[in-house]
2 protein chains.
Amino acid sequence: MVKGANNPRDEASGRSLRADAKRNRDKLLAAADGMFSERGADASLDDIARRAKVGIGTLYRHFPTREALLAAACDERLLALAKKSRMRQASMAPGDALRAFLEDVVRHASMYRGLATSFGIVLQNGSPGCHATTEVGLELLEHAQRAGQIRRDVEFEDVVCIATAISLAASQSPARRTRRMVAMFIDGLRGAGVDDRARLSQEIEK
Amino acid sequence: MVKGANNPRDEASGRSLRADAKRNRDKLLAAADGMFSERGADASLDDIARRAKVGIGTLYRHFPTREALLAAACDERLLALAKKSRMRQASMAPGDALRAFLEDVVRHASMYRGLATSFGIVLQNGSPGCHATTEVGLELLEHAQRAGQIRRDVEFEDVVCIATAISLAASQSPARRTRRMVAMFIDGLRGAGVDDRARLSQEIEK
DNA sequence: ACCTGAACACCGTTCAAGT
DNA sequence: ACCTGAACACCGTTCAAGT
């Protein structure tokens with residue numbers, strides 16, 4: 001339980017919330033998670049407010065954009081993902097830990113049906129879970145690179161792109177394809193043989 | 001000019017169209033292409049009908065879904081893509097021709113802003129352009145595989161997934177990343193060294 | 001056979017009024 | 001300081017009436 005993540009603060013301002021406001025925020029979060037789970041990431045905001053028994057204006061006050069609401073609703077699960085990934089860092093080979101992380105992120109990017117489309121924006125939201133996930137991911141990547149298991153020229157942004165990309169593609173095609181795509185991508189990140197390497201860097205740079 | 005592709009037939013039924021219906025269809029197509037180009041793939045269908053000076057019902061009669069309209073609007077450009085790719089088949093090494101094809105498809109999947117999201121569905125639409133593109137792509141893949149430049153276990157569906165995935169990711173991030181991602185993916189498809197290959201097939205199957 | 005557009009059921013967002 | 005919900009401006013889709 002990371003208690004600090006649940007304190008009564010408004011995302012944008014960081015100010016403390018009045019008791020009733022905090023209550024409303026929690027009700028909105030619960031309602032949003034339920035609604036997003038049942039009907040996907042493009043569920044009606046009106047319905048969410050109604051389920052939370054709160055005026056629609058209150059929803060907008062707490063979460064000015066749909067992405068802000070999505071990020072807040074995802075937050076706990078992203079924190080859990082970060083924690084799990086950090087533990088793997090100790091027990092697995094660096095390259096394998098990165099692949100496991102990539103698979104997890106792909107899964108989470110489709111936590112709600114249709115979430116993948118905006119997952120990139122959601123991750124930039126700066127909520128605790130987003131921050132933690134980004135941090136572990138970066139560590140895992142650097143670790144794998146120092147171990148020589150992943151190309152040096154891969155940036156963390158590439159990994160995020162790849163994850164959302166696979167997730168987006170996977171949501172439109174049978175599940176078995178996901179695993180294939182992760183494996184293929186990791187293979188690409190791993191780097192080609194000695195002969196290929198020089199030609200490849202030429203291909204990549206300009 | 002492939003004249004056969006422009007004949008006055010309704011996509012679904014295949015029956016010939018009355019002269020005024022054919023005229024309306026063409027006006028809708030022109031209006032749709034303009035509107036999609038200006039405002040993206042989620043442009044208002046009402047606006048398109050209005051620009052075509054046609055009742056909204058007429059739009060629905062000709063194109064029952066938004067994807068059908070998108071596919072029809074894309075069709076000429078997809079035919080051109082297929083033709084260009086077929087020409088490269090003669091003049092380039094099989095692996096390079098496939099990469100060029102992949103880059104083209106990625107570009108076309110974002111022909112209109114926001115198109116990538118539904119590009120998979122659009123490609124399954126069966127219009128002449130979609131059909132031609134699928135056909136060349138399949139040939140290019142098999143050709144590259146026979147030449148030993150691409151793994152045998154890659155299916156054409158994978159290539160489509162990859163293309164839309166990259167396109168989707170690219171639309172949310174700087175342009176220079178696209179090229180990197182294509183290169184990395186192709187690297188993945190190419191296959192790892194001899195030692196890696198056995199482990200990788202294990203990873204992929206189940 | 002085809003076209004038209006009013007009618008319907010939705011949706012997101014704002015903001016004046018209330019506590 | 002925060003909440004409420006009516007009001008506004010949209011959107012996709014259908015279908016009875018018209019040619």
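Naming: A, B, ... by sequence-line order, numbering from 1 per chain. FYI, side chains are in, hydrogens and waters are out, and symmetry mates aren't considered; it's all heavy atoms of this structure.
Closest-nucleotide positions on DNA chain C for D42(A) and G57(A) were compared, and the one nearer the 5' end corresponds to D42(A).
We find that CD1 of I48(B) is positioned 18 Å from C1' of dT4(C), with the value rounded to whole Å. Between the CG atom of L59(A) and the P atom of dC11(C) there is a distance of 14 Å, rounded to whole Å. Residue R61(B) contributes atom CZ, which lies 9 Å from atom P of dA1(C) at whole-angstrom precision. Going from atom CG of L28(A) over to atom C1' of dC2(D) covers 13 Å, rounded to whole Å. We find that NZ of K53(A) is positioned 17 Å from P of dC3(D), with the value rounded to whole Å. The distance between atom CG of L45(A) and atom C1' of dC10(C), rounded to the nearest whole Å, is 13 Å. dT4(D) atom P lies 14 Å from atom CZ of R50(A), rounded to whole Å. Summarising the geometry, the separation between CZ on R66(B) and P on dT13(D) is reported as 8 Å, rounded to the nearest angstrom.
With respect to V136(B), the side-chain contact (heavy atoms from CB on, under 4.5 Å) criterion is satisfied by exactly one of T134(B), L138(B), L140(B): L140(B). For the side-chain contact (heavy atoms from CB on, under 4.5 Å) with L70(B), the lone residue among T65(B), D33(B), V122(B) that qualifies is V122(B).
Nucleic acid contact for I56(A): base, since at least one base atom lies under 4.0 Å from a heavy atom of the residue. Across all strands, D46(B) comes closer than 4.0 Å to base atoms (heavy-atom distances). S44(A) comes within 4.0 angstrom of sugar-phosphate atoms only, judged by non-hydrogen atoms across all strands, and of no base.
Using a distance-only test at 3.5 Å, with no hydrogens or angles considered, no donor-acceptor pair links the side chain of N125(A) to the main chain of A71(A).
Across dC2(D), dG12(C), dT13(D), the shortest atom-to-atom separation from the side chain of A21(A) is found for dC2(D). With distances taken from any side-chain atom of D20(A) to the nucleotides dC3(D), dG12(D), dC2(C), the minimum falls on dC3(D). Comparing dT13(D), dC2(C), dT14(C) by their nearest atom to the side chain of Y60(A) picks out dT14(C).
Not one side-chain nitrogen or oxygen of H62(B) sits closer than 4.0 Å to the OP1 or OP2 atom of dC2(C). For N24(B) and dC2(C), the shortest distance from a side-chain N or O to OP1 or OP2 is not below 4.0 Å.
dC10(C) makes up no base pair with any nucleotide shown, lacking Watson-Crick or G-U wobble contacts both under 3.5 Å. Across the strands present, dT4(C) finds its partner in dA16(D); the criterion is a Watson-Crick or G-U wobble pair with both atom distances under 3.5 angstrom.
There is a side-chain donor-acceptor pair under 3.5 Å between D75(B) and S127(B).
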Run L81(A) and R77(A) through side chain to side chain contact (heavy atoms under 4.5 Å, CB included) and show every step you take.
CA-CA 6 Å; L81(A) 162 61; R77(A) 272 175 266 207; over 6 Å; no
